[in-house]
Amino acid sequence: MPHYDPATIEAKWQAAWDEDGTFIAREDPARPKYYVLEMFPYPSGRIHIGHVRNYTMGDVIARFKACTGFNVLHPMGFDAFGMPAENAAMASGGHPKTWTYDNIDTMVAQMKPLGFSLDWTRMFATCDPEYYGQQQALFLDFLEKGLVYRKNAVVNWDPVDMTVLANEQVIDGKGWRSGAEVERRELTQWFFKISDFSEDLLDALDTLDDWPAKVRLMQENWIGKSRGLRMSWSLTAPVHGFDAIDVYTTRPDTLMGASFLGLSPDHPLARALEADNPEMAEALAAMRKGGTTEEALEKAEKLGFDTGLKVRHPLNPDWEIPVWVANFILMDYGTGAIFACPAHDQRDLDFCRKYDLPVIDTFLSAENPQPVTTEAFVPPKTEPVRWVNHFAGLDIATGQEAIDATIAYMEDRDLGTGVTQFRLRDWGLSRQRYWGCPIPVVHCDACGVVPEKKENLPVTLPDDVSFDIPGNPLDRHPTWRDVPCPACGKPAKRETDTMDTFVDSSWYFARFTAPRAETPTDPDAAAYWMNVDQYIGGIEHAILHLLYSRFFARAMHITGHLPAKSREPFDALFTQGMVTHAIYKTTDAQGRPVYHYPEEVELRDGKGFLADGTEVEIVPSAKMSKSKNNVVDPVAIIEKYGADTARWFVLSDSPPERDVEWTAAGAEGAYKHLGRVWSLSDRIAQMDPAAPGDGDDDLLRAMHKTIFDVTGGIESFGFNAAIARLYAFTNTLAKSKASHAAQRSAIMTLAQLMAPMTPHLAEDIWVRQGGEGLLARAPWPVADEAMLIEDTITLPIQINGKRKSEIEVARDASKEDVEKIALSDDAVVKALAGGQPRKLIVVPGRIVNVVI
RNA sequence: GCCCGAGUGGCGGAAUUGGUAGACGCAGCGGAUUCAAAAUCCGCCGCCGCAAGGCUUGCCGGUUCGAGUCCGGCCUCGGGUACCA
């Protein structure tokens, strides 16, 4: 008897699909289309188990939809620009382009044996000039429609390496290579006007019914719509042309608790003042140290500088309040100036305690009225509180009521304006780096910023660059940088910043509909294939990538590159969990972290050691990340057991939305199971067709139940539960004594139901049982509803809510009959001891509860 | 700091969304087969207890005839935090 030999089977069926062109997507108006997309990978070097899991999920959906009558588009590409390529070039002297394309070749070679139903003819990498040239065309169209502009923004500046750092490259406020304290520095940069769409991006979340609620909630919070008050605080004496300071607040109800007026260190007034005040300049320089992330700003120790200026309280001109500069105030949000109310904001309170500024309660807890000491009192805006300091004479009212009342009061007296504000900021896309899409503009002394002509696109990256010194090689590449002005022809300079890699991934899904078109999209192809019916990717992209893509889809509609229906490009979203793995860490002489690969670490008694005996720190369950060296390579699994085992295993072991900690155990079990199914098929094929059988009806009922459960499981992303049903049905079939006809029907159906997960094995069983054509194209089995209904059911009996017994009743037994049977049950009779139940609850078809 | 999740046997997890907690798999234990082993097949397998029985879904409290599921308060872990992708 031949044995299960995945190496042979898998190669054979992959060749058969290739020859048939099974997965090549062609527009066909006669058939409904289905576009399945998994977030495309960064070409980090080798695929890891997370990729296998992610793409297998998409493949299950793609294969399932193809068998249920859809014309499926299932493409793959690479998100190929980004920092790791430059870091690799710096570390080993190669070129980012070589590194990237070599990695892509390796990863494609690793992915193909997995047998994904991908249309490889549509593949591209975002670093292909063909792709990024079209992205430059999009940029120019956006520019023309006013969707892109320039303004100043802060970056992390490494004063030793003289270069801009990514947030990731700032560790504890220091540059990752130089170790120097990072400074915040302003540069003129390009921005997409995503804020024009704040309201729309927020409102449209309600239409995304097939997105996870948590993602919509995260986006809602990120966009952060708030209603507040904008008002002016007049200075007691004008300075540097300022006679007042504009402030925005979402808590105008706390106006009477104002303690000081705070300016961002980047506020124009702060900058004007420090110019002729060395002491202040020094203090502000200290405040500008450290990274630019929100987390760093929020967690940094509160620093302040008293400007000596005073403003008058808008409601009481005699009340003078000091003006301070404070490091926790963001220039990007509101007006870059706040009034601080320490009693009801923890940051303000920490600041006031440190600098000995007054703390004034405006309201107290209704039940427990205590003045604020070390903890700010910040109840939900919907909770009623007792007002002790409010101009409108409120007593008990909620924060929201007080806010509304305050805004009305201030507007009536012309002291301020109620405004709606969004937290969402414009998207800064400039990066001072080489390995990205060049921004297609030229800076001319005479003409200013001049867009490159479309016929000159793509503006390609030069190949002759070096990475031996920090900074952007484009900046120091005269023959690339120095060009004639496209408008006047005089000497000018190219923009040397490149685009954020999020730009690349914000429209690739549209490009896949016509990957070789000579415009960014092809209208007919986009109209047919868009939208993405099912998008699958990691929860780590819940905010930025998805929000940026939603913006891009809108902007591409405005510029005529996508139809109106694609303003929301992803109809359904599934966020799979991450594959996690411990990180093994030591520190070098400078105290910087060094990460070790799992294969370098020997585990003993829960501790890890390197070959030389050094103990490593183990950080459990961390996201697999190239830079942390905790990536698990699936290639060994595929080589040992085959692709079907790898696919089956990554789906079977945990629910797809949950993180999974990778362990090697278990793959063996999956492999054994597939071998069992293969042998079972072989045994059935050798049965005597004429021999009598027993239990055909039971087997066929189990089969239809399995069809029903597995179909539902796949449709609802319950892959692990669907696989559990397939295990159970395999066990049933293995024990069955049914006739050959029934068993053949059962094994062929089993093969079909397994096909989305283990397509090669399934095709092989299909053809050995005499199935016609490719299983990949065979119609999906449909459960016969009549076979799903059982005649009798088992009802559990609870006594006082605890299960004590169970009864068999007819499926359609009346409530009265069930009560009668339940009350005559031994356990119930015993528990009642002759008495009457206090209450008898019968939930038909579910449960009986006897309350005594 | 702030926003969003997750927590169930030795392990991964299931539970028709308020109705039998532990499906299915892994590991383990026992048996069959074998000269022996591997492979395969059969059975057992939450915890305490000799048993009767009791306990059990991170912790504390609540709602309910009934809570893994709903509500309130904590703890731990993970994701995001706008230049990692």
Side-chain angles (χ1 to χ4, degrees), chain A residues 39 41-42 44 79 81-84 155-156 164-170 212-215 217-222 224 291-300 328 332 346-347 423-433 500-502 504-505 538-545 547-548 575 577-578 580 620-623 625-627 649 652-655 657-661 663 665-670 672-673 675-676 679 709 712 718 720-721 723-728 731 734 794-798 800-806 837-841 843 845-851:
Chain A
M39 291 179 185
Y42 179 79
S44 54
D79 187 15
F81 276 135
M83 293 198 311
V155 294
N156 300 305
V164 176
L165 297 179
N167 287 334
E168 185 187 53
Q169 297 170 322
V170 178
K214 63 180 168 187
V215 174
L217 185 57
M218 279 190 260
Q219 293 219 349
E220 185 184 325
N221 290 338
W222 186 263
T292 58
T293 66
E294 190 186 330
E295 186 191 2
L297 297 173
E298 286 277 352
K299 283 175 139 175
F328 62 92
D332 291 324
Q346 191 62 45
R347 291 168 305 182
R423 203 184 81 100
L424 180 65
R425 311 198 294 256
D426 278 332
W427 169 13
L429 68 117
S430 301
R431 296 292 180 271
Q432 296 71 41
R433 273 182 265 288
D500 179 8
T501 56
F502 271 123
D504 312 335
S505 55
I539 187 67
E540 67 270 27
H541 295 294
I543 296 175
L544 293 180
H545 162 60
L547 193 62
Y548 290 158
T575 52
M578 283 173 300
T580 61
S621 296
K623 174 172 97 161
S625 158
K626 175 80 176 155
S627 60
F649 176 62
S652 69
D653 231 31
S654 75
E657 69 278 8
R658 192 126 25 125
D659 289 353
V660 56
E661 173 93 16
T663 64
E668 179 80 26
K672 281 185 193 170
H673 178 74
R676 225 164 10 237
S679 309
D709 289 347
N720 56 328
I723 283 179
R725 298 291 307 129
L726 289 167
Y727 267 109
N731 291 340
T794 306
L795 280 189
I797 309 251
Q798 293 183 334
N800 291 338
K802 290 198 186 283
R803 198 195 78 95
K804 294 291 177 184
S805 181
E806 59 185 33
R838 281 207 296 134
K839 206 168 177 182
L840 186 60
I841 290 147
V843 184
R846 285 258 189 268
I847 206 163
V848 178
N849 191 7
V850 185
V851 185

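The analysis underlying the following values was restricted to heavy atoms, covering all of them including side chains, and did not include hydrogens, waters or symmetry mates. Bear in mind the structure is a predicted one, so any value in this text is a computation, not a measurement. Note on naming: letters A, B, ... go to the chains in the order of the sequence lines (proteins, then strands), and numbering restarts at 1 for each one.
Nucleic acid contact class of Q432(A) (heavy atoms, under 4.0 Å, all strands): base. Using a 4.0 Å heavy-atom criterion, one finds that F328(A) contacts no nucleic acid atom at all. V155(A) comes within contact range of at least one nucleobase, with a heavy-atom separation under 4.0 Å. P655(A) comes within 4.0 angstrom of the backbone, heavy atoms only, and of no base. At a threshold of 4.0 angstrom between heavy atoms, the contacts of S652(A) with the nucleic acid are absent.
Relative to the side chain of Y727(A), the nucleotides G13(B), C24(B), A82(B) differ in distance, and C24(B) lies closest. Side-chain proximity of N720(A) to G13(B), A82(B), C65(B): nearest is G13(B). Taking only side-chain atoms of Q798(A), from C-beta outward, the nucleotide of A82(B), G66(B), G80(B) with the closest atom is G66(B).
Rounded to an integer number of Å, the gap from CZ of R658(A) to C1' of G7(B) is 8 Å. Between the CG atom of D500(A) and the C1' atom of A85(B) there is a distance of 10 Å, rounded to whole Å.
Across all strands shown, A27(B) forms no Watson-Crick or G-U wobble pair with both distances under 3.5 Å.
Tested against T575(A), the residues K214(A), H541(A), E657(A) include a single side-chain contact (heavy atoms from CB on, under 4.5 Å) partner, K214(A).
Distance check on atom P: G1(B) versus U57(B) gives 30 Å, rounded to whole Å.
Using bins of under 30°, 30° to 60° and over 60° for the plane-to-plane angle, the ring pair H673(A)/Y727(A) lands in the tilted bin.
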